[in-house]
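A short worksheet on the structure shown next.
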Amino acid sequence: MMLKKAAILGHPVRHSLSPMIHDYWIKAHGLSGTYETIDVLPEDLVSSVRKIFDDGYTGFNVTLPHKEAVMDCCDVVDDTARLIGAVNTLSLSQGRIVGSNTDAKGFIANLREQYPGWDPSAGAALVLGAGGAARAVIYGLQQAGVKDIILCNRTRARAEKITDSFVNLTIMDWEDRNNAAQAASLIVNTTSLGMAGKDHLVLDLPSGPGCVAYDIVYRPLMTEFLVQAQQKGLPFVTGLGMLLHQARFSFEAWFGILPDIDTVLRDQVTKAAQEQ
Ligand code: ATR
């Protein structure tokens with residue numbers, strides 16, 4: 001069996017949970033493969049990408065701060081990654097470097113797994129934040145059939161910029177997020193609020209089970225936003241599954257197998273995330 005080498009490029013990258021996830025699947029499927037972390041400075045990105053493929057790698061993930069800049073290193077950027085404006089997965093196809101983005105699919109797959117009853121036509125989705133993560137979430141929601149998306153960001157101009165790429169977005173001021181939340185059937189936090197060491201997201205949630213709260217932050221797993229949702233009786237979705245699910249689709253691009261997330265893997269990754 002030919003050895004397949006994969007990796008994650010970032011800076012810093014040593015705390016990445018991706019090696020644990022991919023190593024688990026390589027073993028579980030009895031594959032001959034490796035998945036390393038490669039710390040790459042922004043100024044070395046272009047030369048590193050060339051070198052990694054020259055060294056025989058099958059592909060790799062990219063994470064902060066390279067997700068946008070790496071697009072210039074690709075021969076082809078697929079439609080999904082182009083619309084999102086970021087690449088998280090590189091692979092080779094007939095000698096060409098292909099950039100894709102599995103975050104949107106990972107976001108939706110995690111939602112469907114944790115809340116199987118989710119109905120994209122149930123009503124408006126409120127997305128908080130307007131960074132790269134928000135763009136992946138918006139793409140995923142629209143692909144899944146959500147028609148009505150309200151976007152709220154502290155810096156309104158950044159939210160407005162997203163309407164260059166996506167149609168049917170309603171932009172609301174950050175100060176109006178509580179009003180927007182009352183009418184939403186899904187609320188997604190894509191901001192860095194709620195992350196360990198950051199301020200909490202302060203939001204008045206609607207009451208009752210008609211609205212799903214989804215936080216893509218996963219350190220901690222139960223953010224204050226999700227604790228509040230739970231206390232109000234709302235269904236909620238934690239963020240670590242998005243990391244696990246996006247990894248499934250990257251793994252498929254390199255190894256040709258779409259792996260499952262079993263409880264052993266989930267527990268292992270959850271524990272590692274909590275310990276960091
Ligand atoms: P990513 O690419 O991972 O989404 P990012 O581009 O740094 O990360 O985006 C972080 C998001 O969190 C942004 O929407 C940011 O709002 P601004 O565009 O106004 O910067 C949001 N954010 C960060 N700190 C915030 C705070 N204290 N209050 C509200 N929003 C905040």
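The shown structure was predicted, so the numbers you read here are calculated from the model rather than taken from an experiment. Remember, it's 1-based here, ligands and their atoms both numbered in the order they're listed. Residue numbers run from 1 in the order of the sequence given.
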Original post:
Backbone or side chain, does any N or O of W174 fall under 3.5 Å from an N or O of ligand 1?
Top reply: no

Original post:
Which residue owns the protein heavy atom closest to atom 28 (N) of ligand 1, what's the atom, and how far is it?
Top reply: L193 CD1, 3.5 Å

Original post:
Among protein heavy atoms, which sits nearest to atom 23 (C) of ligand 1, and what does the distance come to when rounded to 0.1 Å?
Top reply: S192 OG, 3.2 Å

Subject >> Close N or O approach (A134, ligand 1; < 3.5 Å) >> reply: no

**OP:** May I ask you to decide if E224's main-chain N or O and D215's side chain share a donor-acceptor pair within less than 3.5 Å?
**Re:** no

Original post:
Near G129, which atoms of ligand 1 are under 4.0 Å from a heavy atom of that residue?
Top reply: 14 (O)

Original post:
Of L151, N153, D199, which has the heavy atom at the shortest distance from atom 14 (O) of ligand 1?
Top reply: N153

Subject >> Heavy-atom protein neighbour under 4.0 angstrom from atom 7 (O) of ligand 1 >> reply: no

Original post:
Nearest heavy atom to atom 21 (C) of ligand 1: which of N189, D103, T191 does it belong to?
Top reply: T191

Original post:
In the protein, which heavy atom is nearest to atom 5 (P) of ligand 1, and how far is it?
Top reply: R158 NH2, 3.9 Å

Subject >> Short side-chain to backbone donor-acceptor contact, N61 and N88, under 3.5 Å >> reply: yes

**OP:** Would you please indicate yes or no on a ring centroid separation below 6.0 angstrom for Y214 and F107?
**Re:** yes

**OP:** Look at the rings of F251 and H29 and say which category their plane angle falls in: under 30° parallel, 30 to 60° tilted, over 60° perpendicular.
**Re:** tilted

Original post:
Has the side chain of Q246 got a donor or acceptor atom that lies under 3.5 Å from a matching backbone atom of L243?
Top reply: yes

Original post:
Are the side chains of T223 and N189 in touch, meaning some heavy atoms are under 4.5 Å apart?
Top reply: no

Original post:
What about L203 and I150, same hydrophobic cluster or not, with Ile/Leu/Val/Met/Phe/Trp/Tyr joined at side-chain heavy-atom distances under 4.5 Å?
Top reply: yes

Original post:
Counting heavy atoms only, which part of R154 comes closer than 4.0 Å to ligand 1: side chain, backbone, both or neither?
Top reply: both

Subject >> Sub-4.0 Å atoms of ligand 1 with respect to non-hydrogen atoms of A133 >> reply: 1 (P), 2 (O), 4 (O)

Original post:
Around R50, counting heavy atoms of other residues, nucleotides and ligands shown, do more than 12 lie under 6.0 Å from its CZ?
Top reply: no

Subject >> Close-contact set for ligand 1 against G132 heavy atoms, below 4.0 Å >> reply: 1 (P), 2 (O), 4 (O)

Subject >> Element-labelled atoms of ligand 1 that are located less than 4.0 Å from some non-hydrogen atom of T155 >> reply: 17 (P), 18 (O), 19 (O)

Original post:
Would you find a donor on one side and an acceptor on the other, under 3.5 Å apart, between the side chain of N101 and the backbone of A86?
Top reply: yes

